[in-house]
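Shown next, in C-alpha cells, is the structure this report addresses.
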Amino acid sequence: MLLRMSSLFVRTLREDPADAEVASHRLLVRAGYIRRAAPGIYTWLPLGLRVLRKVEAVVREEMEAAGAQEVHFPALLPKEPYEATGRWTEYGPNLFRLRDRKGADLLLAPTHEELFTLLVKDLYSSYKDLPLTLFQIQTKYRDEARPRAGLIRGREFVMKDAYSFDVDDEGLDASYANQRAAYQRVFQRLGLEYVVVAATSGAMGGSRSEEFLNPTQIGEDTFVRSAGGYAANVEAVTTVVPPAVPWDDAPAAHVEDTPDTPTIDSLVAVANARFARPDREWTAADTLKNVVLALVSPTGERELLVVGLPGDREVDLKRLEAAVAPAEVETATEADFARHPELVRGYIGPGVLGANRGVDADGAPLGVRYLLDPRVVPGTRWITGADVPGRHVFDLVAGRDFIAAGQDGAENTVEAAEVRAGDPAPDGSGPLELARGIEIGHIFALGRKYADALGLTVLDRNGKSVVVTMGSYGIGVSRVMAALAEANHDDAGLAWPAQVAPAHVHVVATGKDPAVFAAAESIATTLAGRGTAVLYDDRPKVSPGVKFADAELLGVPLLVVVGRGLADGVVEVRPRRAGQAGTGAEQVPVERAADRVGELVDALLAGSGGSEQA
RNA sequence: CGGGCUGUGGCGCAGGUUGGUAGCGCGCUCGGUUUGGGACCGAGAGGUCGCGGGUUCGAAUCCCGCCAGCCCGACCA
C-alpha cells in the first residue's frame, strides 16, 4: 500500500482549530483525519478512515476469535420493537426520531438489543441452538444533549455491539466471561491502558455490568480505585460500615439554643463557642445533616425523601439516583416544604422524620420517608436539628434516640453520600483515590429483560419453553480511536501505535535532487511491494521543514528521510517516538533501507504494550 | 436545561467604545529565486462582517429580537 502525499486527499492545518479543546480532537482535525460536519458529527477523511478501519479490524478479529459471528443491522429502524421494551419513551430526547411519508415512526438506532433479540427469536427455537453470540460494527445515533471533545462524545459514532444468548444463568456467566476476556485482549492489542470497574446498569437494566475505562484527565467518567486493586464507578461504591458503638455511658440527648445556625459551618462554630467538648473541637463530621429531596417515579408520582448523613458530606445525586432507580431525584421545592411544615429548614432533625414521628394503626411511619447514610450506625452520637428554629439537639444517639425509615433495618440506609478521596475501599484494599476515564467498553449481563419483553423463548431439553437470558457488550470504536490519539501524542502531533497507524512508514524526500526522489521512490515502492503500508511524501517544491512538521503531525510510527545523506550512500531511519523501535535515528545504507525498515516495522507490530491497570 | 464565551474570505484572528473605501497572518493561484526543520520576492483570486428588524445621509461598528457554535455543569449503554 502506497499513499503519495502529492495526491492524498488531506490538508494539514498549521494552527489549532478554534473549536477544539482536547488534544485528540485538535490533532485529528489538524492532521486532516476528520472534519466536523455538524455538532458531534464527523466526516472521515482517508487517513482517519484507515485508522478507524484498523481499530475495527482488531475488534473484529478478537470477536471472531471469541466465537462471535458478525451480522449487520440497519441503523434506520421501526419504532415497534422499541415500544415493546419501553425504550421508545425511556430514551426520551436522546433518540433521533423521524417519520416516513406514510407517517410511520422510525428511529436511528442508539443500540440494538431489540433487533438482535427479534432476529434470534425469528430463527431459533431450541436450546440446542444456544449458546450464541452475535456482533456487529455499526454506526449508532444518539442525540446527546451536549456532544463534546470531537470523537469522544458524538451524536453519530461507530460501535461494536455484541449480544449473547443462553438458556440459563450458568451459560450467561460463561458468555459474559468470554466477552470480558475478549475485551481485555482487544485493549491489550491496541496498547490502550484500561481499568475494569463495577458499574450500575442504568437504563439498560440487568443484573451486573462492568465498564472498561481508559484513565485520562480528559475523561468524562469519575471512578475510584485503591492501591490494592479495587476499582469501581462512583455510583457502585459501597460504604464501609463501621461497627456499632455501645451507648450505655452516653449522655442523654439535650436540646440547646443555637441561634442563627442554618448551615453546618455556623452550627459547628456555635457548638465550639458555647458547648465546647472537653476532648477536642466539634467538627462537621459530628453533625447529622438531613437533606430534603424529592423522588419522582417513572409514572410521575412525587415523594419526599430525607437523607441523613454526616455534616461533612454532600449528597451525590447520581449515587442516590442509582440507589433509588428507576425513580429520579430532584431537590425539594418551596411547594414541597409548604406541604410539610414540620420540616424547619436549617433545623431539621430525625424527630419529625419517618417512624420517629410515630406510626399509624398499620405501623406505617407518619413522618417523611427517612434514610440514613450507612455510617450512622447504632450508638453514634450526633448534633442535629431540633425541628425548632434556632435550636439543635446534642448527643442524639442513633438506635437509642432515633431510627431511619422502618423498624427492621433492611431499608434504613442508602448509598447517597459523596465518595471522597481517602475513603476506605469496600474490599479493605486501602484508601480510594478519585480518577477520570473515558468509557471505552461496557459489558452487561442483561438477563431476561429483553427476551421477556419480546418473547424470545426456546424449548429446553424437557420440551418446556424457557425465556432466553442475554448479555450485551459494547465497544465505542470511534471513541477508542480518540482515546488512542489522546494517549499517543506530543506537542508536535500524533504518534500512533503501529497496529492502528494509517501507514507503517513515512518516507520523506527532501531537496530537489532528482536522485533523491528516485531513491525515495524506490524505497517506497519496494516496501509497498512487500506489504508494508507506506506514506510517501513526494511533493516537489515543498521545503523539508514543512515535510518534517507534517510527518510529526500525522504520526506514522517510522520515518525514512532521503536527502543529503544520499551523497554518502545512506538514508536516515527514525521512529516517531524516541526510544521506540531501536535506539533512535540511524543512518542506513540506501540499499539496506527497505530491509531495515521491514525489521523495525515487524518489531513495532510485535511489541504491543497495553496493560490492565490496578 | 442553567452559567460563561464567541460568531468578520478555506483556517487563525484584528477592527467595534469614537458609525464613513473591510484588514492582518496562514493557506490557495501565477512567475521567479530557494530546498535537512513550518523559505523569500513580485503579481493575483477569494468576504451577503451569523440572521431579521430598527436608528442614521451612511452600520461589521449603535439599539431590539432571533439563531448558531464552543467551554463548564446537569444529562448520558
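Letters A, B, ... are given to chains in the order of the sequence lines, protein chains preceding strands, and every chain is numbered from 1.
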Cationic N near anionic O, under 4.0 Å, A:Lys449 to A:Glu113: no

Quick one: is B:G27 close enough that its OP1 or OP2 comes under 4.0 Å of any side-chain N or O from A:Arg14? yes

Which one of A:Leu52, A:Val58, A:Ile440 satisfies the side chain to side chain contact (heavy atoms under 4.5 Å, CB included) criterion with A:Val477? A:Leu52

Pi-cation contact, A:Phe548 with A:Arg574 (under 6.0 Å, within 45°): yes

Assess whether a salt bridge exists between A:Glu144 and A:Arg155, defined as any Lys/Arg side-chain N lying under 4.0 Å from an Asp/Glu carboxylate O. no

Which part of the nucleic acid, if any, lies within contact of A:Glu210, taking any heavy atom under 4.0 Å across all strands shown: a base, the sugar-phosphate backbone alone, or nothing? nothing

Any side-chain N or O of A:Thr510 less than 4.0 Å from the OP1 or OP2 oxygen of B:U35? no

With RNA chain B as reference, determine whether A:Leu553 or A:Asn94 sits nearer its 5' end, using the nearest nucleotide of each. A:Leu553

Given a 3.5 Å cut-off on both pairing distances, which stems involving RNA chain B, each at least three consecutive Watson-Crick or G-U pairs, are present, if any? B:1-7 with B:67-73, B:10-13 with B:23-26, B:28-33 with B:39-44, B:50-54 with B:62-66

B:G19 and B:C63: how far apart are their P atoms, nearest whole angstrom? 12 Å

Among B:G36, B:C71, B:U35, the one nearest A:Arg148 by side-chain distance: B:C71

A:Lys512 meets the side-chain hydrogen bond (donor to acceptor under 3.5 Å, both in side chains) criterion, sequence neighbours left out, with none

Nearest-angstrom distance, C1' atom, B:G9 to B:A60: 14 Å

Think A:Arg146 has a side-chain N or O under 4.0 angstrom from the OP1 or OP2 of B:C72? yes

Between B:G23 and B:A14, how far is it from one C1' atom to the other, in whole Å? 7 Å

Would you indicate which nucleotide in B:U34, B:A39, B:G12 comes nearest to any side-chain atom of A:Lys512? B:U34

Between B:G69 and B:G12, how far is it from one C1' atom to the other, in whole Å? 16 Å

Provide the distance between the two P atoms, one in B:U48 and one in B:U8, to the nearest whole Å. 13 Å

Among the nucleotides B:G37, B:C70, B:A39, whichever has the atom closest to the side chain of A:Asp19 is B:C70

Suppose the criterion is salt bridge (Lys or Arg N to Asp or Glu O under 4.0 Å): which pairs have a residue in residues 470-493 of chain A, not counting sequence neighbours? A:Asp490-A:Arg576

Any A:Arg142 side-chain nitrogen or oxygen under 4.0 Å from OP1 or OP2 of B:C75: no

Closest approach to the side chain of A:Arg30, judged atom by atom: which nucleotide of B:C76, B:G36, B:G38 is it? B:G38

Are a donor atom and an acceptor atom from the side chains of A:Tyr183 and A:His442 found within less than 3.5 Å of each other? no

Of the listed nucleotides B:G38, B:G73, B:U35, the one nearest the side chain of A:Asp550: B:G38

Among B:G69, B:G37, B:G25, the one nearest any side-chain atom of A:Glu15 is B:G25

If you measure from the C1' atom in B:U56 to the same atom in B:G20, how many Å do you get, rounded? 12 Å

P spacing across the pair B:U17 / B:G7, given as an integer number of angstrom: 15 Å

Say we look at B:G3 and B:C40: how far apart would their C1' atoms be, to the nearest angstrom? 49 Å

Salt bridge check, A:Glu21 against A:Arg148: does any charged N sit closer than 4.0 Å to a carboxylate O? no

Of A:Asp221 and A:Val22, the one whose closest RNA chain B nucleotide lies more 5': A:Val22

When you measure from the side chain of A:Arg11, which nucleotide among B:C72, B:G37, B:G27 comes out closest? B:G27

